Amino acid sequence: MANILIIGAGGVGRVVVHKCVQNREVFEKITLASRTLSRCETLQREVGVDNIDIAQVDADNIPELVALIQSIKPDMVLNIALPYQDLTIMQACLETGVHYLDTANYEHPDSAKFEYKEQWAFNNRYKDAGVMALLGSGFDPGVTNVFCAYVQKHYFDEIFEIDILDCNAGDHGYPFATNFNPEINLREVSSKGRYWENGEWIETEPMEIKMVWDYPQIGKKDSYLLYHEEMESLVKHIKGLKRIRFFMTFGESYLTHMKSLENVGMLGIKEVEHQGMKIVPMEFLKTLLPDPASLGPRTTGKTNIGIVAKGMKDGKQKCIYIYNVCDHEETFKETGAQAVSYTTGVPAMIGAKLMMQGIWMQKGVWNMEQFDPDPFMEELNNQGLPWFVEEL
Ligand code: NDP
């Protein structure tokens, strides 16, 4: 029976709290801490004051985090704040000897570049301290990594190519809004694309490569090649891989708005002077855009995220498509959050559950595809994210 500390009370944090409460047989004591206490209070009222404790914390501040962890004495911390807090929370967990999990890799607030280097650098110190960090336990990264490990284990002797395909066909009725943290989302989408082929990274202009994919239960959608973080670990851990790419769907309206905002400098992450004040354009834009957490009640439609893997089995070529379909209105009914938060929060809970049950427990810093995928895949079916396999 585990005592856990969840940090971050945004859209994803909401789902993690609901799902951990649904799995009380594993999570005996739950504390939710975040920067704004009122968001924790709202969630505490929803799930019942007897079910979770709450606290306020600035997760950029290591001594504050250490003091909070020492007072709660959790078995693990679930970092559901922003990627900017990964290193401070990892450091605080190391200092207090507590296991760690997150859903997105570290990103420096001043450069729109995310990579695992600084988190992987904790590996030896985590091993020496006898604690574990599980990186990227969301959907992508997260479930997509587990899908790759699953097809590698059950369908292939060797995988040559993987395409990760992420479609959100949800409609929230706004001309422009992002369905998770706008700053993180827009930084990701407006960056150059990158994919891996024959041992090297190939860079593209933003949105340069487009294909149309027919997503089951949704239909045909324009899908654009982006760089996405799970590729960095998958190229290390999937044997024989010659190419890996990541595609995400975007509608015309989203792309036109984003391009216009970029053209006038509103996606800038450097401070500018405005009437004697210093402001960061992207942060100001975040203030203007709808809070992703408020999209839940208005969003209809579905997400479909999966992988297509090509390779060899018993001397024959094979192509396997494995995916999940998630309905925005159904996830809202269950947790008060739309499907993008749901598909991230459920795997975060599952990762924590497997760690606390000792099923996925190893000292050091780990990516999702390094563990046996079967228990995770079984939990996905049981916890609201069923998956389908097709041979193409
Ligand atoms: P939100 O912006 O909705 O929520 C973030 C929460 O973290 C807010 O409650 C915020 O507090 C809190 N927070 C931010 N900074 C601090 C800080 N310094 N100290 C304490 N708390 C802080 O984001 P989401 O819920 O949409 O996303 C959460 C995470 O999930 C992100 O890392 C995101 O990148 C990741 N993600 C991963 C996906 C995946 O598939 N792997 C997909 C989607 C998201 P406040 O309320 O004060 O703003």
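Note that ligands are numbered from 1 as they come in the structure, with each ligand's atoms numbered from 1 the same way. Note that the coordinates shown come from a computational prediction; the quantities given were computed from them, not determined experimentally.
- Residue Ala9 approaches ligand 1 through these ligand atoms, each under 4.0 Å from one of its heavy atoms: 6 (C), 9 (O).
- With sequence neighbours left out, the side-chain hydrogen bond (donor to acceptor under 3.5 Å, both in side chains) criterion links Asn185 to Tyr254.
- Ligand-side atoms of ligand 1 in range of Ile80: 28 (C), range being under 4.0 angstrom from any heavy atom.
- Here's the thing with Lys286: none of its N/O atoms is less than 3.5 angstrom from an N/O atom of ligand 1.
- Per-residue contacts place Ala104 under 4.0 angstrom from the following atoms of ligand 1 (heavy atoms of the residue considered): 32 (O), 34 (O).
- No side-chain N or O of Asn3 forms a donor-acceptor pair with one of Glu28 less than 3.5 Å apart.
- Checked by atom type and distance alone, the side chain of Arg24 pairs as donor or acceptor with a backbone atom of Asn51 at under 3.5 Å.
- Taking the side chain as every heavy atom from C-beta outward, Lys259 and Met207 never approach each other to under 4.5 Å.
- Close contacts between ligand 1 and Phe139 involve ligand atoms 39 (C), 40 (O), 41 (N) [criterion: under 4.0 Å to a heavy atom].
- For ligand 1 and Asp60, the ligand atoms under 4.0 Å from any heavy atom of the residue are 18 (N).
- When each atom of ligand 1 is checked for a heavy atom of Val57 under 4.0 Å away, the hits are 19 (N), 20 (C).
- Taking a cut-off of under 4.0 Å to the non-hydrogen atoms of Arg39, the atoms of ligand 1 that pass are 45 (P), 46 (O), 48 (O).
- Screening Lys242, Arg245, Lys310 against Glu161 for a salt bridge (Lys or Arg N to Asp or Glu O under 4.0 Å) leaves a single residue, Lys310.
- Contact annotation: Ser34 has at least one heavy atom less than 4.0 Å from an atom of ligand 1.
- Within the 4.0 Å heavy-atom criterion, the part of Thr344 lying near ligand 1 is the side chain and not the backbone.
- In the model, Glu230 has a side-chain atom that pairs as donor or acceptor with a side-chain atom of Thr144 under 3.5 Å.
- By heavy-atom distance, the residue among Gly136, Ser341, Ala348, Ala59 lying nearest atom 19 (N) of ligand 1 is Ala59.
- At a 4.0 Å heavy-atom cut-off, ligand 1 does not touch Pro292 at all.
- Aromatic ring centres of Phe147 and Trp387: separated by at least 6.0 Å.
- Of all atoms in ligand 1, listed by their number and element, those nearer than 4.0 Å to a heavy atom of Gly11 are 3 (O), 25 (O).
- At under 3.5 Å, a nitrogen or oxygen of Val12, whether backbone or side chain, sits near a nitrogen or oxygen of ligand 1.
- Heavy atoms from other residues, nucleotides or ligands lying under 6.0 Å from CD of Glu197 number more than 12.
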